[in-house]
Amino acid sequence: IATMKRQLRSMGLSLDWKREFATCDVGYYRHQQQVFLDMLAKGLAYRKSSKVNWDPVDHTVLANEQVIDGRGWRSGALVEQRELTQWFFAITRYSDELLDALQTLDKWPEKVRLMQANWIGRSEGMLVRWAVEQSTAPKGILEVEVYTTRPDTLFGASFLAVAADHPLAKAASATNPELAAFCDDCRRMGTSVTELETAEKKGFDTGVLVSHPFDETWKISVYVANFVLMEYGTGAIFACPSGDQRDLDFARKYDLPVVPVVMPAGEDVATFKIGKTAFDGDGVMINSRFLDGMDTTAAFEAAASRLEKLTLAKKPVGTRKVQFRLRDWGISRQRYWGCPIPIVHCADCGVVAVPSTDLPVKLPDDATFDLPGNPLDRHPTWKHVDCPACGKAARRETDTMDTFVDSSWYYARFTAPDAETPIDKDAAAYWLPVDQYIGGIEHAILHLLYSRFFTRALCDTGHLALKQNSREPFGALFTQGMVTHETYKSADGQWLMPEEVRISGEGTARTAADIKTGAPVEIGDIIKMSKSKKNLVDPDDIIAHHGADCVRWFVLSDSPPERDFIWTEGGVAGAGRFIQRISRFVDQIADAGAARGTAKPETFGADAMSLRKAAHRALNLVASAIEGLRFNVAVAQVHEFANSLQTALTKADGKPARDLAWALREAGEFLAQMISPMMPHLAEDGWQRLGYNTLVANQPWPGVEAVLLVDDTITVAVQVNGKRRDELTIARNASHLEIETAALKLDSVVRALEGRTPKKVIVVPQRIVNVVV
RNA sequence: GCGGACGUGGUGGAACGGUAGACACACAGGACUUAAAAUCCUGAGAUGGCAACGUCGUGUGGGUUCAAGUCCCACCGUCCGCACCA
């Protein structure tokens with residue numbers, strides 16, 4: 001494990017031990033491999049060759065964000081661009097369904113749904129083919145196809161731009177060394193985020209001309225531009241500078257035509273000009289021949305239908321096309337740790353599935369981690385197997401699956417964890433979707449989208465039988481915040497653990513010092529706990545010292561669960577004191593309260609009554625707060641009830657009357673009940689000390705007596721002209737008139753009226769009275 | 001650049017459009033104690049006043065309403081997501 005950890009660290013990966021161990025189970029992998037093969041049979045899993053960033057030192061594929069700077073240095077060597085054949089899942093086959101079904105997820109946070117919608121990135125547009133003027137055409141290039149969402153702006157076309165990797169750019173580069181050099185420059189860029197932000201829009205005129213689809217005498221230049229992506233659309237665009245800021249900047253830089261074609265409603269054609277800002281809104285078409293005067297939507301339709309009718313080389317010039325940003329999911333990983341992909345490569349038979357009877361394909365136990373690269377590929381024997389089809393010597397697939405695959409379907413497997421098949425359809429149909437899913441916001445896109453894809457893929461491979469319109473894994477989603485803590489940094493720039501620091505003072509005067517040396521320490525930002533910043537607390541230490549209940553109580557009490565939570569030493573101590581307090585209450589009640597099973601008194605005096613009201617009210621409020629996942633509010637209600645209990649115990653002074661003694665026992669039992677979900681140990685301990693030998697966790701939630709939840713008299717605020725002047729305590733069922741009369745008699749109201757006659761008195765029963773003058 | 005969320009005391013945070021600051025932490029005073037800790041009681045948004053009481057207060061400026069922390073518009077700030085997406 002230590003060696004693996006080291007290797008993972010050297011690969012720049014952190015290890016989530018819980019997840020890795022939970023899914024490393026060989027039984028689970030047998031089923032996961034079966035699912036993979038079934039997806040392969042349906043074409044949902046496939047191999048594809050693509051260009052990747054390759055770390056030449058660690059011999060591994062890099063994600064884009066791991067490439068450190070614009071030129072792609074990594075581990076001290078230049079990142080290589082490599083063609084690599086890898087495995088993919090066809091998530092894009094479900095693009096539309098994954099997007100549309102987001103609307104049905106009304107118990108998901110809006111934020112997550114939005115993030116997924118943006119990630120899927122649906123856009124409606126057209127593919128438009130432009131004929132290349134043959135006298136200027138590079139070898140073998142007859143036409144250029146662009147993707148656009150704005151065919152309505154075609155008469156504002158100024159130039160075409162293609163990506164450096166576009167066939168036209170490559171063909172033209174063959175006879176133009178300067179262009180070839182420019183294309184090389186473009187390829188080297190665009191790997192890092194910072195580079196993109198600052199990168200200048202640059203282009204190079206290829207000298208190639210194309211004809212406008214609506215007017216073949218209109219010739220337009222084709223540029224290679226560094227901002228056009230080969231991966232999106234067709235790798236080629238047409239630019240309308242008046243309607244797109246980036247195109248406008250480019251046109252101004254290279255002195256290309258700027259023709260306004262859309263004008264905001266209400267502007268005058270004669271005076272409307274495009275300056276430094278493009279107009280990308282909806283409006284009225286101008287300078288656009290047959291589109292003139294139409295609005296944007298109508299112009300889109302008119303242009304689109306004409307493009308569909310025009311032909312070039314006997315095919316339509318334009319075709320409507322829905323484009324997605326979402327890509328298929330690359331699942332190949334060149335590392336040891338993960339589910340082996342159950343495939344054998346044979347020189348004669350090609351890609352051969354491992355027969356189901358031979359699953360699982362297990363990882364070798366004797367892998368070595370002393371060298372960079374994939375230990376499976378390097379292993380002396382593991383990959384050398386016979387072809388399952390023809391029996392000849394063949395090679396095992398050495399890629400393992402992305403661990404996101406593991407977490408994409410466990411919730412379905414867990415509905416029948418011992419099933420012989422990957423999923424027991426009946427069990428899954430009964431339990432799914434998961435009622436309440438709780439996780440971090442960091443999974444908003446990847447894990448949660450992959451799981452949604454998997455549910456559908458499992459249906460289509462016959463592993464799940466869910467209704468077509470509810471193929472969702474998680475019915476309700478809650479995203480909880482992260483645990484954060486202050487950071488501490490010594491004068492020489494070293495991070496310090498909280499336990500190595502002593503804090504004194506408060507507010508802005510708070511200072512910190514190194515306990516060992518006494519040297520002053522800088523108090524830094526409150527950020528997510530991380531090993532590198534050392535702002536960690538060890539859960540084992542805390543539990544050993546304070547107990548698990550104390551930690552739970554503090555974590556729940558501090559902030560609403562969806563927000564980040566600030567761990568403070570003082571907060572834990574406070575929770576610890578509250579536990580002691582509860583414990584004392586239980587002792588006092590066990591001592592002075594009524595015995596278990598004592599008959600309920602017929603009547604209750606004022607003290608007993610007010611305690612009972614507090615108990616029933618608290619029980620009710622705690623229940624609804626917990627059900628709404630508002631745990632910090634639930635904690636506050638328990639605190640408030642504890643204060644009422646304190647008052648009652650003080651009044652009882654160890655010798656309560658019969659009615660109060662009974663109310664105290666009731667209160668004690670309610671207390672155990674209401675803390676049980678949050679502090680189970682303390683609750684069970686209290687329950688036993690109250691004379692039970694059962695578990696409070698097994699008891700039904702007590703029924704509340706509705707009459708105890710309402711008071712006979714209530715207090716309403718009294719306002720004059722919306723400003724609070726007094727409050728009024730009055731019978732709950734008092735009539736409007738009674739309330740109004742009582743309110744107008746109040747001294748404070750009379751004073752505020754200053755002799756004026758009220759114009760209107762608004763009475764909202766049980767809430768407020770507002771006197772308007 | 002695009003999209004979204006948020007902004008309340010010293011602090012974490014409460015508040016179906018209806019008494020802003022529940023509850024807690026920290027703080028101050030008191031009781032208990034030889035003393036301290038622990039515990040219990042009390043206080044506290046700011047400001048003026050001995051007090052009664054008054055004025056101002058939920059980032060800023062407008063608006064809707066009998067009534068706005070809450071709804072609408074604009075701006076400022078913080079955070080998050082996406083980002084040459086054609």
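Naming: A, B, ... by sequence-line order, numbering from 1 per chain.
Among the protein residues, A/V635 comes within range of no part of the nucleic acid, since none of its heavy atoms lies under 4.0 Å from any strand. Looking at heavy-atom distances under 4.0 Å, A/T149 makes contact with sugar-phosphate atoms alone, never a base. Nucleic acid contact class of A/T568 (heavy atoms, under 4.0 Å, all strands): none.
Side-chain nitrogen and oxygen atoms of A/Y147 include none within less than 4.0 Å of the OP1 or OP2 phosphate oxygen of B/A86. For the OP1/OP2 pair of B/A5 and a distance below 4.0 Å, the side-chain nitrogens and oxygens of A/R563 include no atom meeting the criterion. Between A/R724 and B/G54, a side-chain N or O to OP1/OP2 separation shorter than 4.0 Å is absent. Between A/R584 and the phosphate of B/A38, there is no side-chain N or O to OP1/OP2 separation shorter than 4.0 Å. For B/A24, the OP1/OP2 oxygens have a side-chain nitrogen or oxygen of A/N643 closer than 4.0 Å. Remark: A/Q646 is in phosphate contact with B/C40, judged by side-chain N or O atoms under 4.0 Å from OP1 or OP2. Distances shorter than 4.0 Å separate some side-chain N or O of A/R325 from OP1 or OP2 on B/A83. Within the 4.0 Å cut-off from OP1 or OP2 of B/A67, not a single side-chain nitrogen or oxygen of A/K760 is found. The side chain of A/R122 places no N or O atom within less than 4.0 Å of a non-bridging phosphate oxygen (OP1 or OP2) of B/C85.
Salt bridge A/K613/A/D711: present, at least one basic N to carboxylate O contact under 4.0 Å. Here A/R122 pairs with A/D96 in a salt bridge; the nearest charged N to carboxylate O distance falls below 4.0 Å. Salt bridge status for A/D549 with A/R552: present, with a side-chain N to carboxylate O gap under 4.0 Å. Between A/E143 and A/R129 there is a salt bridge, since at least one side-chain N of the basic residue sits less than 4.0 Å from a carboxylate O of the acidic one. Ion pairing of A/E627 with A/R630 is absent here, as no side-chain N (NZ or NE/NH1/NH2) approaches a carboxylate O to less than 4.0 Å.
When the P atom is compared between B/U64 and B/A68, the two are found 11 Å apart, to the nearest whole Å. Here, B/A67 and B/A15 have their C1' atoms 16 Å apart, quoted to the whole Å. Between B/U78 and B/U8, the distance separating the two C1' atoms is 15 Å to the nearest Å. For the C1' atoms, the distance from B/C71 to B/C82 is 30 Å, rounded to whole Å. To the nearest whole angstrom, the two P atoms, one in B/A35 and one in B/A14, are 42 Å apart. The same atom, C1', is picked in B/G45 and in B/C40; the two are 27 Å apart, to the nearest Å. Rounded to whole Å, the P atom of B/C25 lies 24 Å from the corresponding atom of B/G7. As rounded to the nearest Å, B/G57 and B/A46 have C1' atoms that lie 7 Å from one another.
No donor-acceptor contact under 3.5 Å links the side chain of A/N118 to the base of B/C82.
Distances from the side chain of A/H639 to the nucleotides B/C23, B/C40, B/C84 place B/C23 closest. Among B/C66, B/G12, B/U19, the nucleotide with an atom closest to any side-chain atom of A/I566 is B/G12. Comparing atom distances between the A/L114 side chain and each of B/C66, B/G3, B/C23 picks out B/G3 as nearest. Among B/U19, B/C53, B/C66, the nucleotide with an atom closest to any side-chain atom of A/T715 is B/U19. Distance from the side chain of A/S559 is smallest to B/G12 among B/A15, B/G54, B/G12. Here B/C56 is the nucleotide among B/G12, B/C56, B/C80 with the atom lying nearest to any side-chain atom of A/K723. Minimum atom distance to the side chain of A/V772 is reached by B/C66, of the listed B/C23, B/C66, B/A14. Here B/G54 is the nucleotide among B/A14, B/G54, B/A86 with the atom lying nearest to any side-chain atom of A/R725. Nearest nucleotide to the A/V764 side chain, out of B/U55, B/G18, B/A26: B/G18. Here the nucleotide nearest the side chain of A/N632, chosen from B/C53, B/A14, B/A38, is B/A14.
Both A/D558 and A/R581 lie near RNA chain B, and the one whose nearest nucleotide falls closer to the 5' end is A/D558. Nucleotides of RNA chain B nearest to A/V633 and A/V718 differ in position, and the one nearer the 5' end is that of A/V633.
We find that CD of A/Q719 is positioned 13 Å from P of B/C66, with the value rounded to whole Å. Atom pair A/D653:CG and B/C40:C1' shows a separation of 12 Å (rounding to whole Å applied). Distance, A/N721 CG to B/A68 P: 11 Å, rounded to whole Å. Look at CD on A/E727: it is 14 Å from C1' on B/G18, rounded to the nearest Å. One can place CH2 of A/W553 at 12 Å from P of B/C25, the figure rounded to the nearest angstrom. In this structure, the CZ atom of A/R246 is 8 Å from the P atom of B/A86, given to the nearest Å. In this structure, A/R577 places its CZ atom 8 Å from C1' of B/C25, rounding to the nearest Å. To the nearest angstrom, C1' of B/A22 lies 17 Å from CZ of A/F641.
Of all heavy-atom pairs between A/A157 and A/W130, the closest is CB-CH2, 4.1 Å. The two residues A/V750 and A/K745 come nearest to each other via the heavy atoms CG2-O, 4.1 Å.
Side-chain contact of A/R725 with A/Q719: a donor-acceptor pair under 3.5 Å is absent, judged by distance alone. Donor-acceptor pairing under 3.5 Å is recorded for the side chains of A/T92 and A/D328.
Searching all strands for a Watson-Crick or G-U wobble partner of B/A5 with both distances below 3.5 Å returns B/U78. Across all strands shown, B/A28 forms a Watson-Crick or G-U wobble pair, both distances under 3.5 Å, with B/U42.
With a glycosidic angle no more than 90° from 0, B/G9 adopts the syn conformation.
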